[in-house]
Amino acid sequence: MRVATWNVNSIRARVGRVTDWLQRADVDVLAMQEIKCKDAQFPHEPFEAAGYEVATHGLSQWNGVAFASRIGLADVELDFPGMPGFGKPLPDGSLPLEARAMAVTVGDDVRLWSLYVPNGRELDNPHYPYKLEWLDRLADVAQRWLGDHEGGALAMMGDWNIAPLDEDVWDLRAFEGATHVSEPEREAFRRFEGLGLADVVRPLVPTGYTYWDYKQLRFPRNEGMRIDFVLGSPGFQDAVTGAAIERDERKGDAPSDHVPVVVDLELDSPLDDDRPMIF
DNA sequence: ATGTCGCTTTGAAAGCGA
């Protein structure tokens, strides 16, 4: 099984690139972030023509997450319990929820999240405490799931908008006083690791960025950031056989500012265990 | 060079978010 995560920065602007890559890279399941459209605007046809079924969670021109799968797509869950909102309070006093998280079950029994973690904007912006709260409530949900599914295969993948290590940005000096590298953000990320969720890509792909800003020739200068991650449970980690960061997808016409991150899995199917050997 | 992109409201250009 080959799964991937990709912040596509508008699926409508890039659907051809995405479906072409899915087929070329032989990907079974793709978690997308920043689809930047409402559910009704999502271009289903190109995915179906390529053999993928799609589940989307898009509320407006901002954010939005989705899955495409050619190995099944079940138990779709939007948002997560306790997820904070952001913006202008609604009549009932609550804050509007943004489309930043969804989970699905694929293949035999692999639980996957597509996550678009809030950006944070600046350290003194209300978006920053929102980001930290959002991550903490998400970690609560992960912790509960891990407690309830010992040995289960879970991956939380997406655009985490955090550079966990100093080498995950091209120059730490350019990030003084900025989001993505602050200690509270890194601490929030480490909480997931403390729960037993590990970055399954880094051991196999030790270096490389996943995002380069469109501005200031960041890609030609290779001034990027590593902020897209696949965090897997122990049961998921055991199945990983390979990983890749698809840097070439930042090249050419109308690329996203992020590139796909790919993980290969070899899962023992319970069916295989029960099946008698016939040869 | 604040070396960009995508979406929206608007009806060409500006604001917003990243």
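We name chains A, B, ... by the order of the sequence lines, and we start the count at 1 in each one. Everything numeric here is computed off the predicted structure, so don't read it as measured data.
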Item to check | Sole candidate of A:Asp159, A:Thr5, A:Asn161 that passes side-chain hydrogen bond (donor to acceptor under 3.5 Å, both in side chains) when paired with A:Gln33 | outcome: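 Exactly one candidate clears the test, A:Thr5.
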Checklist entry - What integer number of Å spans the P atoms of B:dC7 and B:dG3? => result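 Nearest-Å result for B:dC7 against B:dG3 at atom P: 22 Å.
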Item to check | Whole-Å C1' distance, B:dT2 and B:dG17 | outcome: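 The answer is 15 Å between these two C1' atoms.
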Expressed as a whole number of angstroms, how long is the span from [X]:[atom1] to [N]:[atom2]?
X	N	atom1	atom2	result
A:Asn9	B:dA18	CG	P	11 Å
A:Tyr214	B:dC5	OH	C1'	6 Å
A:Arg17	B:dC5	CZ	C1'	14 Å
A:Trp212	B:dT4	CH2	P	19 Å
A:Asn7	B:dT4	CG	P	20 Å

Checklist entry - Out of B:dC5, B:dT8, B:dG17, which has the shortest distance to the side chain of A:Gln41? => result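 Selected nucleotide: B:dT8.
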Checklist entry - Among B:dG6, B:dA18, B:dG3, which nucleotide sits nearest the side chain of A:Lys36? => result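 Looking only at side-chain atoms, A:Lys36 lies closest to B:dG6.
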Item to check | 5′-ward residue of the pair A:Gln216/A:Ile11 relative to DNA chain B | outcome: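 Counting from the 5' end, the first nearest nucleotide belongs to A:Gln216.
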Checklist entry - Pick the nucleotide of DNA chain B nearest each of A:Arg100 and A:Ser10; which residue has the one closer to the 5' end? => result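 It is A:Ser10 whose nearest nucleotide is closer to the 5' end.
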Next on the checklist: Quick check: A:Trp62 with A:Phe86 (ring centres under 6.0 Å apart)?
Outcome noted: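 Centroid distance A:Phe86-A:Trp62: not below 6.0 Å, so no.
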Checklist entry - Taking the six-membered ring for Trp, is the centroid-to-centroid distance between A:Trp170 and A:Tyr209 below 6.0 Å? => result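 No, the ring of A:Trp170 stays outside the 6.0 Å limit from the ring of A:Tyr209, centre to centre.
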Next on the checklist: I'd like to know if A:Arg221 reaches the base of B:dG3 with its side chain such that a donor and an acceptor end up less than 3.5 angstrom apart.
Outcome noted: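 Yes, the side chain and the base share a sub-3.5 Å donor-acceptor pair.
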Checklist entry - Is there side-chain contact between A:Glu246 and A:Val262, with at least one heavy-atom pair below 4.5 Å? => result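 The answer is yes, as the side chains (C-beta and beyond) meet within the 4.5 Å cut-off.
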Next on the checklist: For a quick test of reading the model: is some side-chain N or O of A:Arg121 closer than 4.0 Å to OP1 or OP2 of B:dA18?
Outcome noted: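 So the side chain of A:Arg121 is within the cut-off, an N or O lying under 4.0 Å from OP1 or OP2 of B:dA18.
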Checklist entry - Can you find a side chain N or O atom of A:Arg218 that sits less than 4.0 Å from OP1 or OP2 on B:dT2? => result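 Indeed not, no polar side-chain atom of A:Arg218 lies that close.
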